[in-house]
Each structure stands twice: as C-alpha cells, then as structure tokens.
Engineer: 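The structure that follows is given in the form of structure tokens.
Since the model is a prediction, treat every value here as computed from it, not as a measurement.
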Amino acid sequence: MKHLTKAQILTSNYPYYRYSLDYALDSLARIGVETIEFYACYPHFYLDDRDLFRDLPKLKKKLADRHLKVQCVTPEQCLYPVNIAALDPVRRKKSIETFRKAIRCVAELGGQYVVLLAGYGTLDEDEEEIWKRSAESAGELGYAAEKYGITLVLETSPREYTTTHNSRDVVRMIREIDSPALKGMIDTATLCYSGETMGQAIADLAGNLWHVHVADGAPGGHLVLGEGDLDLPGMLKELDAAGYKGALSLEILNDRYVRKPHQAMEESLRKLEEYLNR
C-alpha cells in the first residue's frame, strides 16, 4: 500500500464480551497495538450503569497501566435498547443520554470519535416518520459533540438497526443536520447489507469518511480476517487509492470466538498487517 500504514490500525475489546475488562485489556496490551476502539458493553463499561465521575478515573487508570489509548468509543446499540429514534419518548430520551455519556467519556479519555447508529422504529411505521425522530436526536447529539470537540461517525445497517441503510443515507443525514461534528464511516462486513461496493461507499461519502471498521464477512459477519468471503485486500487498495487517513479498526464480533478472543484479535491484526504490506 502507498498510503495506508500500520499506524492506522486499532484493536478493540469487541470479541471479549464474555470476559472481564481486566482480561480484555491485558490481552490487548499483549497483542501490542497501543491505540484501541473501546466497545462500551457489559460487563466492561456499560454506560447506562456507570457514574462517569466515579468510574471514569478507574477506567483511565486501567488503560494507562497497560499503556493503552482510546481513539473511539462505541456504545453497544444493537443488542441493548439504545435507540435514539425509538417511538417511545422515554426510551429515546434515555438513549440520547447514553450517547451524551459516550461523548463525555471519549473526551475524558483523550479520544476523538463515537460510533453512532441513528436509531430505528418499528417495522410497521413509515420510514420518514422514523427519519424525523432520528434526525432530531442526531442533531441534538451533534450539538453536544461540538462542545466537546468530538466527532460522531454514522454507521450503516439494515432497517432493523438504523435509519441510515447506506452511505447515501448517511450523507443525507449529515446535510440535514449540518453539524461539523457529524461524519460517516464504512464497515467492511456490512457493505453487503447496504448493497454497496467499497468504491461506491467511498465515492458517496467523499470528504465525510472518517472511520472504517474492518472485519471479514459473508456468511456470518464480523469474522476474523481471512475466514470470510470478502475481498479485503481489494477493499483496502480502494481505501489506499482514495488517500484515506483515518483508523482501520478491527471489529471482530462473532459467537464463534467466544472462547478464543485473544486468538481472534491477534490473528486479525497479523492478517491486516499482511494486507497492508502488499
């Protein structure tokens, strides 16, 4: 690769969700990449259960003791009822507060980004009504992120998880909200759900591409690199040709790795390094 480098790689605690936070951080420290994406899940650091004034200093010490730095915080928002476009206003309000905590959390940790799914409605609702709630909530969070100097990166996913199904939807949301704190991202393992190629997503996002999740996919999704059917070397070449300078964050998250998260993350890292050396 001419432009992509190993310095852009982030490891993450995604595959360690059945282990303690200490186990996960010890493992990531042994793997040897200092900068990580932090998956704010239970039992590691589920934001709804945390008092940031009391608990953040403890997390900062755990990270510092292992020489780990957080660039991005991603609250769990698919498996848990964290949904900024929820029809229920109580749940929507609580979900917005979860992301406000995520913004404060990443700012305190010295990071830059929060990964955001724009929320979802019920499948029997009109999508434009869901979109209105989503845009209103994302706009509120964009304003909050601006105050902290944090960037929210919008992810794409099917209707069951978010209103932004593809990169064109992400660009529409960015334009409607008109906040400098709102940008886009690409997930290699979910491109198939949006019906996009890497080239199309890069072209649609243009100057709004700020973050990339890297995992193998189909079938199964978010697999160890080399275990799926994706042409990851080809995707990376397209990112390289576009001059992408953001993170390449390993999102390895699949039940098949529940008993071997260290192996899953380490194998993916070595494979990604191999791809970048081509």
Side-chain angles (χ1 to χ4, degrees), residues 1-12 14 33-39 69-74 106 111-118 145 149-157 162 164-175 179-217 221-226 228 230-253 265 268-278:
M1 302 288 174
K2 294 182 179 179
H3 304 291
L4 298 182
T5 70
K6 293 179 183 179
Q8 292 170 257
I9 298 175
L10 308 185
T11 54
S12 67
Y14 281 108
V33 175
E34 290 188 355
T35 310
I36 67 171
E37 176 170 335
F38 187 70
Y39 175 39
K69 301 174 184 177
V70 171
Q71 185 176 105
C72 175
V73 168
T74 304
V106 76
Q112 299 170 280
Y113 310 121
V114 171
V115 173
L116 172 67
L117 287 171
I150 298 302
T151 300
L152 305 175
V153 287
L154 279 170
E155 191 163 10
T156 64
S157 206
T162 187
T164 50
H165 311 316
N166 53 52
S167 298
R168 292 181 299 279
D169 287 339
V170 169
V171 172
R172 175 189 171 192
M173 184 70 74
I174 290 171
R175 288 174 176 167
S179 166
L182 200 66
K183 301 295 180 181
M185 63 171 288
I186 292 172
D187 185 321
T188 61
T190 60
L191 280 174
C192 58
Y193 297 116
S194 63
E196 297 176 292
T197 64
M198 175 61 80
Q200 288 172 322
I202 292 171
D204 287 337
L205 289 170
N208 289 306
L209 176 56
W210 283 51
H211 195 64
V212 173
H213 275 166
V214 182
D216 218 326
H222 295 98
L223 304 178
V224 164
L225 276 57
L230 296 180
D231 178 17
L232 290 173
M235 291 180 174
L236 292 167
K237 285 180 181 177
E238 291 184 271
L239 284 169
D240 186 65
Y244 174 69
K245 298 185 184 300
L248 300 169
S249 183
L250 288 163
E251 186 188 14
I252 311 304
L253 185 59
M265 184 55 65
S268 294
L269 172 62
R270 303 311 170 207
K271 201 70 175 178
L272 182 52
E273 290 175 335
E274 175 191 324
Y275 293 154
L276 295 184
N277 283 332
R278 293 184 180 180

Engineer: For the residue pair His213 and Glu155, what are the closest heavy atoms and their distance?
Structural biologist: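 Shortest heavy-atom separation between His213 and Glu155 comes out as ND1-OE2, 3.5 Å.
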Engineer: Taking the side chain as C-beta and beyond, is there a heavy-atom pair between Ile36 and Leu10 under 4.5 Å?
Structural biologist: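 No - every pair of side-chain heavy atoms lies 4.5 Å or more apart.
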Engineer: Side chain to side chain contact (heavy atoms under 4.5 Å, CB included) for Arg278 and Glu274? Distances and angles first, verdict last.
Structural biologist: CA-CA 7 Å; Arg278 293 184 180 180; Glu274 175 191 324; 3.1 Å; yes
Engineer: Quick one: does Glu238's side chain have a donor or acceptor within less than 3.5 Å of a partner on Met235's backbone?
Structural biologist: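 No; judged by distance alone, with no hydrogens or angles, the pair does not exist.
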Engineer: Any donor-acceptor pair under 3.5 Å linking the side chain of Ser194 with the backbone of Leu191?
Structural biologist: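 Judged by distance alone, yes, a pair lies under 3.5 Å.
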Engineer: Would you find more than 12 non-hydrogen atoms of other residues, nucleotides or ligands less than 6.0 Å from Tyr193 atom OH?
Structural biologist: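 Check fails, neighbour count at 12 or below.
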Engineer: CG/Leu4 to CG/Asp240 distance, rounded to the nearest 0.5 angstrom?
Structural biologist: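 Answer for the CG-CG pair, Leu4 versus Asp240, is 4.5 Å.
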Engineer: Would you say Thr164's side chain and Leu117's backbone share a donor-acceptor pair under 3.5 angstrom?
Structural biologist: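 No; zero donor-acceptor contacts below 3.5 Å.
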Engineer: Please report the closest heavy-atom contact between Leu253 and Tyr14, naming both atoms and the distance.
Structural biologist: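 Shortest heavy-atom separation between Leu253 and Tyr14 comes out as CD1-O, 3.3 Å.
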Engineer: Give a yes or no answer on whether the side chain of Asp216 reaches the backbone of Leu223 with a donor-acceptor pair at less than 3.5 Å.
Structural biologist: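 No, because the side chain of Asp216 does not come within donor-acceptor range (under 3.5 Å) of the backbone of Leu223.
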Engineer: Considering non-hydrogen atoms only, spot the tightest contact between Ala215 and Leu232 and give its length.
Structural biologist: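 For Ala215 versus Leu232, the nearest heavy atoms are O-CD2, 3.7 Å.
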Engineer: So, for Ile150 and Gly111, which heavy atoms are closest and what is the spacing to 0.1 Å?
Structural biologist: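 Minimum heavy-atom separation between Ile150 and Gly111: CD1-O, 3.6 Å.
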Engineer: Which heavy atom in Asp187 sits nearest to a heavy atom in Ala189, and how many Å separate them?
Structural biologist: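 Shortest heavy-atom separation between Asp187 and Ala189 comes out as OD1-N, 2.8 Å.
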Engineer: With sequence neighbours excluded, what pairs up with Ser157 under the side-chain hydrogen bond (donor to acceptor under 3.5 Å, both in side chains) test?
Structural biologist: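 Checked Ser157 against side-chain hydrogen bond (donor to acceptor under 3.5 Å, both in side chains); zero matches.
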Engineer: Under 4.5 Å between any side-chain heavy atoms of Leu225 and Leu250, yes or no?
Structural biologist: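 Answer yes - side chains close enough.
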Engineer: Hey, what do you get for NE2 (His211) to CG (Leu154), rounding to the nearest 0.5 Å?
Structural biologist: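 The distance works out to 12.5 Å.
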Engineer: Under 3.5 Å, is there a donor-acceptor pair between the side chain of Gln71 and the main chain of Glu37?
Structural biologist: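 Side chain of Gln71 to backbone of Glu37: no pair is present.
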Engineer: I'd like to know whether Glu251 forms a side chain to side chain donor-acceptor pair (under 3.5 Å) with Tyr39, so could you lay out the CA-CA distance, the side-chain angles of the two residues, the decisive distance to 0.1 Å, and finally the verdict.
Structural biologist: CA-CA 9 Å; Glu251 186 188 14; Tyr39 175 39; over 6 Å; no
Engineer: With a cut-off of 3.5 Å and sequence neighbours excluded, list every side-chain donor-acceptor pair involving residues 200-209.
Structural biologist:
| residue | atom | partner | partner atom | Å |
| --- | --- | --- | --- | --- |
| Gln200 | OE1 | Thr197 | N | 2.8 |
| Gln200 | OE1 | Thr197 | OG1 | 3.4 |

Engineer: Quick one: are Met265 and Ser12 in side-chain contact, heavy atoms under 4.5 Å?
Structural biologist: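 Contact flag for Met265/Ser12 side chains = yes.
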Engineer: Over all heavy atoms of both residues, which pair between Leu152 and Ala145 is shortest? Give the atoms and the distance, please.
Structural biologist: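 Heavy atoms of Leu152 and Ala145 come nearest at CG-CB, 3.9 Å.
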Engineer: Distance from Met1 atom CE to Leu276 atom CG, nearest 0.5 Å?
Structural biologist: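 If we round to the nearest 0.5 Å, Met1:CE and Leu276:CG are 6.0 Å apart.
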Engineer: What pairs with Glu273 under side chain to side chain contact (heavy atoms under 4.5 Å, CB included), at least two apart in sequence or on another chain?
Structural biologist: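 Residues passing side chain to side chain contact (heavy atoms under 4.5 Å, CB included) with Glu273: Lys6, Ile9, Leu269, Arg270.
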Engineer: Residues two or more places apart in sequence or in another chain: which of them pass ring-ring contact (aromatic ring centres under 6.0 Å, His included) with Tyr275?
Structural biologist: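 Not a single residue meets the ring-ring contact (aromatic ring centres under 6.0 Å, His included) criterion with Tyr275.
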Engineer: By side chain to side chain contact (heavy atoms under 4.5 Å, CB included), which residues pair with His165, not counting sequence neighbours?
Structural biologist: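 Listed in chain order: Glu127, Arg159, Asp169.
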Engineer: Tell me every residue that passes salt bridge (charged side-chain N to carboxylate O under 4.0 Å, His left out) with Arg175, counting only those two or more places apart in sequence or in another chain.
Structural biologist: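 With sequence neighbours excluded, Arg175 shows a salt bridge (charged side-chain N to carboxylate O under 4.0 Å, His left out) to no residue whatsoever.
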Engineer: Below 30° counts as parallel, above 60° as perpendicular, anything between as tilted: where do the rings of Trp210 and Tyr113 land?
Structural biologist: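 Answer is perpendicular, since the angle exceeds 60°.
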Engineer: Can you check whether Ser167's main-chain N or O pairs, donor with acceptor, with Thr156's side chain at less than 3.5 Å?
Structural biologist: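 No, Thr156 side chain to Ser167 backbone: no donor-acceptor pair under 3.5 Å.
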Engineer: Give the C-alpha distance, both sets of side-chain angles, the deciding distance and a yes or no for side chain to side chain contact (heavy atoms under 4.5 Å, CB included) between Thr188 and Met198.
Structural biologist: CA-CA 8 Å; Thr188 61; Met198 175 61 80; 4.0 Å; yes
